[in-house]
Amino acid sequence: YYLVHNYLDWRHNERKSHSVHLKNHDHSKMFKIGFLRGCLDSDGYLADKYISFDTSSPNLAVDIKQFLMDLDIKFYYSVYKEKRPNRVNMYKIKIRKNERDIFLKTIKPRETKNLNAPAGTF
């Protein structure tokens with residue numbers, strides 16, 4: 001509880017998943033790596049040709065993008081504008097194949113079932 005309370009913030013009048021984000025970006029390189037690893041393990045997708053993060057929280061997307069920039073990992077960003085009134089926009093961050101290996105060597109994700117290489121070889 002205290003770990004979440006110390007690092008994360010969200011709007012209390014909204015669903016947490018739509019507004020959750022880090023309180024600040026002033027963290028060590030190891031924290032940023034661990035944060036991105038956790039984002040990949042929870043909400044990311046690891047494919048042979050790309051890695052993607054999709055979130056309904058615009059501020060969490062900012063956190064992910066900032067940490068990728070801090071670690072010199074190139075990415076593409078887009079917003080899927082939801083047309084249905086009862087839905088929210090989705091924020092998509094995609095790391096293409098040429099940067100995928102750099103990401104994997106830097107972040108060392110725990111979940112590697114979609115990779116050709118065995119876990120732990122990065």
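For the single chain, residues carry numbers from 1 onward in sequence order.
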### Summary
For S56 and P58, the nearest pair of non-hydrogen atoms, with its separation, is O-CD, 3.4 Å
### Message
My understanding is that only one of D72, D63, D70 makes a salt bridge (charged side-chain N to carboxylate O under 4.0 Å, His left out) with K32; could you say which?
### Response
D70
### Task
Identify the two heavy atoms, one from L36 and one from F53, that lie closest to each other, and give their separation to 0.1 Å.
O-CE2, 4.1 Å
### Task
Of all the heavy-atom pairs spanning E82 and N89, show the shortest one and how long it is.
N-OD1, 2.8 Å
### Task
Please confirm whether the backbone N or O of I51 pairs with a side-chain atom of R100, one donor and one acceptor, at under 3.5 Å?
no
### Query
Ignoring hydrogens and geometry, is there a side-chain-to-backbone donor-acceptor pair from K105 to I102 under 3.5 Å?
no
### Note, F67 side chain near I33 side chain (heavy atom, < 4.5 Å)
no
### Summary
Rounding to 0.5 Å, atoms CG (L60) and OG1 (T55) come to a distance of 4.0 Å
### Message
Test of understanding: clusters of I, L, V, M, F, W, Y form through side-chain heavy atoms closer than 4.5 Å, transitively. Do I73 and F31 belong to the same one?
### Response
yes
### Within 6.0 Å of OH in Y76, more than 12 heavy atoms from elsewhere
no
### Query
If you look at every heavy atom in S57 and Y91, which pair is closest and at what distance?
C-CD1, 4.0 Å
### Query
Is F75 linked to M90 within one hydrophobic cluster, defined over Ile, Leu, Val, Met, Phe, Trp and Tyr using a side-chain heavy-atom separation of less than 4.5 Å?
no
### Task
Could you tell me which non-hydrogen atom of K74 sits nearest to which non-hydrogen atom of E99, and how far apart they are?
N-OE1, 3.1 Å
### Query
Mind checking whether Y80 and I95 sit in one hydrophobic cluster, side chains of I, L, V, M, F, W, Y counted as touching below 4.5 Å?
no
### Task
Determine whether L68 and F103 make a side-chain contact, defined as any pair of heavy atoms from C-beta on separated by less than 4.5 Å.
yes
### Task
Search all heavy atoms of K65 against all heavy atoms of I93 and return the closest pair with its distance.
CG-CD1, 3.7 Å
